[in-house]
Amino acid sequence: MAPNNTPSPADRQTWNPERYARNAGFVAELGEPVLDLLAPVSGEKILDLGCGDGVLTEKIAAAGADVTGVDASPQQVAAVRAKGLQARVINGQELDFEAAFEAVFSNAALHWMTNPDAVLAGVFRALKPGGRFVGEMGGEGNVQAIARALADGLDQRGLDAADVNPWYFPGPQEYREKLEKAGFRVRSIDLIPRPTPLPGDIEGWLETFAESFLKRVADDQKDSYIADVRDALAPLLCDPEGNWTADYVRLRFAADKPEAI
Ligand code: BEZ
């Protein structure tokens with residue numbers, strides 16, 4: 001647990017870089033539109049918040065920017081450093097930068113940080129006046145069927161599903177208000193349904209991303225729990241050829257810190 005009692009994403013989910021690369025390579029591949037929205041400029045100092053395995057951090061660096069990745073997962077930060085990039089282990093809800101960056105970028109990470117006001121206050125502080133915050137995260141309705149099936153599977157075993165959901169998926173109005181309350185001017189914010197083909201079976205997704213649900217179940221029950229969740233989801237998310245598609249919905253935004261506050 002983090003010192004101020006804000007759970008770190010790393011308290012609820014651990015990352016295995018090899019498993020992540022196998023089951024979640026699409027996360028960075030589908031992050032291209034957010035990179036386009038960021039439009040990194042050579043020489044800019046940019047913070048990649050929740051940098052994961054650093055695939056997009058590397059692309060920002062390739063544009064000539066001086067990029068620093070931060071992530072709550074020591075394993076992911078080690079993988080980013082192994083690519084020769086700068087990265088630090090930091091809980092995104094406890095950013096400690098002061099007017100240090102021209103831009104803060106975040107892809108598929110903010111929904112793991114369940115104290116969004118703390119995140120936004122830290123991002124605002126980290127930006128120089130006139131700096132920009134560009135991001136994409138899961139939005140309202142994201143992985144709704146998957147989360148429902150995971151919770152139902154716990155209920156069926158008499159296990160409490162109340163506080164295991166580790167994700168924050170806001171709608172555009174809610175997040176706009178939070179951005180504005182933190183001091184940002186919102187340039188754009190859109191909710192984008194994006195059904196996402198998975199590279200393999202839904203089991204790989206569950207094992208990679210749903211650890212806080214799986215942890216509730218005794219070791220000798222895990223296989224049957226995963227099988228039940230899979231069975232519940234197959235009619236909704238699997239086609240007759242066996243291809244799985246996750247019910248993703250993205251919230252994509254760009255916001256600016258005013259020049260003068
Ligand atoms: C997402 O990128 O939307 C996501 C990934 C893992 C778990 C939940 C949501």
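This structure is a prediction, so every number in the text was calculated from the model and none was measured. Note that the numbering runs from 1 along the sequence shown for the chain. Both ligands and their constituent atoms are indexed starting at 1 by order of listing.
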Think Lys128 forms a cation-pi with Phe101, using NZ or CZ under 6.0 Å from the six-ring centre and within 45 degrees of its axis?
->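 The answer is no; the distance or angle limit is not met.
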Inspect the contact between [Y] and [X] and indicate whether a charged nitrogen and a carboxylate oxygen are less than 4.0 angstrom apart.
{"X": "Arg216", "Y": "Asp163", "answer": "yes"}
{"X": "Asp201", "Y": "Arg230", "answer": "yes"}
{"X": "Lys181", "Y": "Glu177", "answer": "no"}
{"X": "Asp190", "Y": "Arg250", "answer": "no"}

Answer with side chain, backbone, both or neither: which part of Phe26 has a heavy atom less than 4.0 angstrom from an atom of ligand 1?
->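 It is neither; nothing of Phe26 touches ligand 1.
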Arg250, portion touching ligand 1 at heavy-atom distance under 4.0 Å =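 The answer is the side chain.
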Where ligand 1 meets [X] - atom numbers and elements under 4.0 angstrom, heavy-atom basis:
{"X": "Trp205", "value": "6 (C), 7 (C), 8 (C)"}
{"X": "Trp112", "value": "6 (C), 7 (C)"}
{"X": "Phe209", "value": "6 (C), 7 (C)"}

Is a donor on one side and an acceptor on the other found under 3.5 Å between the side chain of Lys222 and the backbone of Val217?
->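 Yes, because the side chain of Lys222 sits within donor-acceptor range (under 3.5 Å) of the backbone of Val217.
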Asp71 (side chain) donor-acceptor with Gly52 (main chain) under 3.5 angstrom |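 Here the side-chain-to-backbone pair exists.
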Can you pull out the closest protein heavy atom to [atom]? Residue, atom name and distance to 0.1 Å, please.
{"atom": "atom 4 (C) of ligand 1", "answer": "His111 NE2, 3.4 Å"}
{"atom": "atom 9 (C) of ligand 1", "answer": "Asn142 ND2, 3.5 Å"}
{"atom": "atom 5 (C) of ligand 1", "answer": "Tyr248 OH, 3.6 Å"}

Nitrogen or oxygen atoms of Trp167 and ligand 1 under 3.5 Å apart |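 No.
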